[in-house]
Amino acid sequence: MMQCCEENRNQPLLKLWIGPLPCVLLYHPDTVEVILNSLKNIDKSYTYKFLHPWLGTGLLTSTGDKWRSRRKMITPTFHFTILADFLEVMNEQANILVRKLEKHVDKEPFDCFLDITLCALDIICETAMGKNIGAQKNNDSEYVQAIYKMSDLIHHRQKAPWLWPDLTYLLFQGGREHNRSLKILHSFTDKVITEKASEKKKHDERKCDFDSNCEPSGSKKRRAFLDMLLNAMDNGGNKLSYLDIREEVDTFMFEGHDTTAAAMNWAIYILGCHPEAQKKVHQELDEVFGDSDCPVTVHDLKKLRYLECVVKEALRLFPSVPFFARTLSQDCYIRGFKVPKGTNAIIVSYALHRDPGVFPDPEEFRPERFFPENSSGRHPYAYIPFSAGPRNCIGQRFAQMEEKAVLATLLRHFWVEANQNREELGMVGELILRPNNGIWIQLKRRTAHMS
Ligand code: HEM
């Protein structure tokens, strides 16, 4: 698909069939805008249906009034002050990662992909559910294995139209494994929600009893998204049901960890290939942190402007979600072409981000492209790693905070060298853009002021 867009860069759009589905591929800012800006064409495409058994119709997969009401209810849980509380979890997990990676300093190249991914998994588990599953220390857990199995199975099914009917799917081994993993995933979230709900009940009762002295003095309890979902209400004052909450928690688990994990891995890879840029990051880190080993604060994050440009440029070259799709609920016109209702519009951000008219020498890694003076006036739909418009990524600020905090912690300790060229990565655009061959790096220790 990526190659197809590249070869037809001068065409306004591409029409093709994927199995029985009529599709258009979009990879120009103005054509993408028509779809993403629309308040009507918000239905996800047919292949998202294979996420339903796991995620139900949570924020990612729902549509119409359900999506509108949920989006409104959940948006406040991503408020900046709440995100700031999550930074503590991000710092803790990033430090565990640093300790794990210590053993590789001045040693042979190693594949860091899983290490970074498990760090992202621990972060989302604790922030979404308030549960520390310690995946960084033990990745053999049934739940961790089931998450990866499930993502693989869903992707495989999306690519194979003969596996689309539920009945046929169940005849295959994949279908049976799918149901096994589903049980593990749901019983884990069920258990966590039940525990949290009963904790909340006890807490509310104590509060009614006497509205103070409930918590031991001085202890500040960490909030998780789940705590906020248990309190959330729609316009009519209705609370979310138990199943409503489960679909949202599962959605955060799915959408909120592989994406950030891939993004951090790609950023480490690309910095490992560009020592000049890495030196600038180190210099900035030294200016902000000096010799201290204090955890990263929100205030520090604001000062890491060059690192932010690195993160953005890495997501341009390697968008974690390389394409996403809508099914048109009404006819629309794109550059004068009538695209009928029912068509699947596939937005190929991987190709869009490589438009040489917007990003000259698109394959070059140049964080400077995102300096304010260089990005002002750029088409607002030319760079959309988090999608754009009303259905953009609700976790964007969370993800940016996590990426910067974890990368800053890693790079305060290590100098990174990458050991692969791009061809050796085995890049594949599945649900997530992944390096099939892993990310092989070497680490050297660094101390502040080395830069
Ligand atoms: C670098 C990290 C991330 C990237 C690149 C990313 C990218 C995206 C993209 C492209 C979409 C649109 C998908 C579509 O239209 O099918 C999306 C939607 C979404 N993302 Fe993210 N995401 C990231 C992190 C997160 C995190 C950390 C969370 C939650 C904690 C999250 C939660 C969601 C949700 C719930 C939606 C659906 C929003 C809606 O339809 O209203 N994402 N994300």
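Remember, it's a predicted structure, so these values are computed and weren't measured experimentally. Both backbone and side-chain heavy atoms feed into the values below; hydrogens, waters and symmetry mates do not. When a ligand or atom number is given, it counts from 1 through the structure's own listing order. By convention here, the first residue in the shown sequence is residue 1.
When the shell of 6.0 Å around NZ of Lys72 is examined, it contains 12 or fewer heavy atoms from other residues, nucleotides or ligands.
Listed by chain and number, residues touching ligand 1 at under 4.0 Å (heavy atoms only) are Lys44, Tyr48, Leu59, Leu60, Trp67, Arg71, Phe78, Ile124, Thr251, Glu255, Gly256, Thr259, Thr260, Ala263, Ser320, Val321, Phe324, Arg326, Pro385, Phe386, Ser387, Arg391, Asn392, Cys393, Ile394, Gly395, Phe398, Ala399.
Under the 4.5 Å side-chain criterion, counting only non-hydrogen atoms from C-beta, Ile74 is not in contact with Met228.
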Taking only distance into account, with no hydrogens and no angle test, what donor-acceptor pairs under 3.5 Å do side-chain atoms of residues 308-320 form with protein atoms, sequence neighbours excluded?
residue : atom : partner : partner atom : Å
Glu308  : OE1  : Lys404  : NZ           : 2.7
Glu313  : OE1  : Arg316  : NE           : 2.8
Glu313  : OE2  : Arg316  : NH2          : 3.0
Glu313  : OE2  : Arg366  : N            : 2.8
Glu313  : OE2  : Arg369  : NE           : 2.9
Arg316  : NH1  : His353  : O            : 2.9
Arg316  : NH1  : Pro362  : O            : 3.0
Arg316  : NH2  : Pro362  : O            : 2.8
Arg316  : NH2  : Glu364  : O            : 3.0
Ser320  : OG   : Thr259  : O            : 2.9

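Arg326 pairs with exactly one of Asn41, Asp43, Ile35, Asn344 by the side chain to side chain contact (heavy atoms under 4.5 Å, CB included) rule, that one being Ile35.
Close placement of the His257 and Tyr148 rings is indicated, their centers lying within 6.0 Å of each other.
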Passes side chain to side chain contact (heavy atoms under 4.5 Å, CB included), Thr189 versus Trp54? Steps please. CA-CA 11 Å; Thr189 10; Trp54 179 15; 6.0 Å; no
